[in-house]
Number of protein chains: 2
Amino acid sequence: MDTMSSEMCEDVRMATRKYEQRVRAESAEETRRGILEAVGHCLRDAPNEPLSVDRVARLAGVARSTIYLVFGSRSGLLEAFAEDLWARTGLGDVSAAVASDDPLTHLRDGIAAASRMFAAERDVYRALFSMAHVDPASVGVTVQRMEDDRAGGMAYLAQRLADAGALRTDTSVVDATHILAVVTSFESLDQLIAGRGMSLDDAIVVLTAIAERSVCEGGRTRASAPPRRRAATSPPRS
Amino acid sequence: MDTMSSEMCEDVRMATRKYEQRVRAESAEETRRGILEAVGHCLRDAPNEPLSVDRVARLAGVARSTIYLVFGSRSGLLEAFAEDLWARTGLGDVSAAVASDDPLTHLRDGIAAASRMFAAERDVYRALFSMAHVDPASVGVTVQRMEDDRAGGMAYLAQRLADAGALRTDTSVVDATHILAVVTSFESLDQLIAGRGMSLDDAIVVLTAIAERSVCEGGRTRASAPPRRRAATSPPRS
DNA sequence: CATTCGACAAGACAGCATGTCTTGCGAAGT
DNA sequence: ACTTCGCAAGACATGCTGTCTTGTCGAATG
């Protein structure tokens, strides 16, 4: 069974109350979504700023007190945002991309899908991961769950490679899991794209090469995409 | 009278002024160092808290205003701390460890030395790297310089490997530089140690294996240390 | 149709952070 | 001796979080 408990999280234990009434529930859900979207806008507009509740409120067109009413606290808001983001853009698509019978295809498609997932909302994910270190109380739990999901997927992949005899003979399943966990981390992708100025596609090629060469027997992928020009010779731009 | 006002301190843009006098200069330098050490203590004691100037001041036994006097601002304080940390524990030792003629030894020793360097002050470095994302205005510049230093070293190493014919034939120098940059990043080490519960020594072995397999022709290092038991079978903790 | 109730706005208030500026003191410098 | 420097102490302005209170409008309900 793959990871990702895709339950119908219709009513989470959030601040939603019990409703016989429909229109009010919809309206409440609408403002809730509006606030979460405003958080996304803030993080995308200024990924490098502390994200004040006041800013979110003004951007969402609601009162600051409403945010505290709905989410309880700043931490609750960020937590809900991370939860929502992960539910919307998380590993669901990756699991789908990974249905292949061939574990090597599983590895390649998995890295590509996970990378595209992170890259699609890179600023947001970077902000979340940073906050998880600076202030674990807020997004810490959800970020930990993201990491656990990913680690579980990598352990599963490593086991599949081992079962298919595709694992390097000098590498145990546990070690392969560790290696895959490093290579498929958000930080590795971000390092290549933001830190070294690569395009997403080039970064995927490099990460795939690292993964394949490190855990697969006879991994022979090129590090650069073949038919195009080599990776840019330009110096790393920040 | 003649007050010999000294406006020309173009030395560093630090808070150090110009001194004919010795004892006062020493005393000033001493409090400066005391404050920086207090920052270190704060980050080590509670790596996951915002680090208030007030806390640093109390821990250093100085007035809060003194910090603003000496460092100008919170950002200046952090900047100075990062600068000092990098000067004390930075890549100097790594360069020394890397004097080998053999580029492969260079690679292995370099990864080991850099990893030990990061690990010796892991909490501090993690806090700095997180802050560099959350608030680039403060430590951003110094962290960028750290990364540039490291990237430069990796480019040099990749070139040496190429010159010695040790580079994989399917990997350009540029790609090797990218790969080495990812593998030797603080985040990769931290992922293995904090995220996956490995010991420093085991993490070094894994990182070395990844690097060697990914960029070296015929890289055949084991991923686990040979004479000991395999890497722990326990699931990732935390 | 009138009344109740729920979603939300508006804003006061306390607590804590940064950052500025002023004042005073004691010891090093001359 | 008296000036100057390093620093303590603290007032003050500003901005953010978090709590709580009061008011309003429209949906729900009998």
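Predicted, not measured: the structure shown is a model, and the values here were computed from it. Throughout, protein chains are lettered first and strands after them, A, B, ... in sequence-line order, and every chain is numbered starting at 1.
- Contact annotation for A:L51: backbone-only contact, meaning every heavy-atom pair under 4.0 Å involves sugar-phosphate atoms and none involves a base.
- Between B:I210 and A:S214, some side-chain heavy-atom pair lies under the 4.5 Å cut-off.
- Projected onto DNA chain D by closest heavy-atom contact, A:R55 and B:I67 fall at different nucleotides, the more 5' of which corresponds to B:I67.
- B:D84 has its side chain out of reach of B:R32: every pair of non-hydrogen atoms, C-beta onward, lies at least 4.5 Å apart.
- Among A:T208, A:V94, A:L200, the one residue that satisfies the side-chain contact (heavy atoms from CB on, under 4.5 Å) test with A:S115 is A:L200.
- If you take CZ of A:R58 and P of D:dT17, they are 11 Å apart, rounded to a whole angstrom.
- The distance from atom CD of A:E26 to atom C1' of C:dG6 is 15 Å, rounded to the nearest whole Å.
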What are the atom names and distances for every N/O pair under 3.5 Å that joins the protein to nucleotides 18-20 of chain D?
| unit_1 | atom_1 | unit_2 | atom_2 | d |
| --- | --- | --- | --- | --- |
| D:dG18 | OP2 | A:Y68 | OH | 3.3 |
| D:dG18 | OP2 | A:R74 | N | 2.9 |
| D:dG18 | N7 | A:R64 | NH1 | 3.1 |
| D:dG18 | O6 | A:R64 | NH2 | 2.9 |

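- Counting to the nearest Å, the C1' atom of C:dC8 and the CD atom of A:E30 are 13 Å from each other.
- Using a 4.0 Å cut-off, some side-chain N or O of A:T31 falls inside it from OP1 or OP2 of C:dC8.
- The side-chain heavy atoms of A:D93 and A:M117, taken from C-beta on, include no pair separated by under 4.5 Å.
- Taking all atoms of both residues into account, the shortest heavy-atom contact from A:G110 to A:V98 is CA-CG2, 3.6 Å.
- Straight-line distance from the CZ atom of B:F71 to the C1' atom of D:dG6: 14 Å, rounded to whole Å.
- Between the CD atom of A:E49 and the P atom of D:dT17 there is a distance of 13 Å, rounded to whole Å.
- Whole-Å rounding puts the A:L77 CG to D:dC16 P distance at 15 Å.
- Remark: C1' of C:dA17 and CG of B:L78 are 14 Å apart, rounded to the nearest angstrom.
- The aromatic rings of A:Y125 and A:F186 are tilted relative to each other, their planes meeting at an angle between 30° and 60°.
- The nearest pair of heavy atoms linking B:D109 to B:A97 is CB-O, 3.4 Å.
- The CG atom of A:D135 sits 12 Å away from the P atom of D:dT17 (whole-angstrom rounding).
- Among C:dA10, D:dG6, D:dA28, the nucleotide with an atom closest to any side-chain atom of A:V23 is D:dA28.
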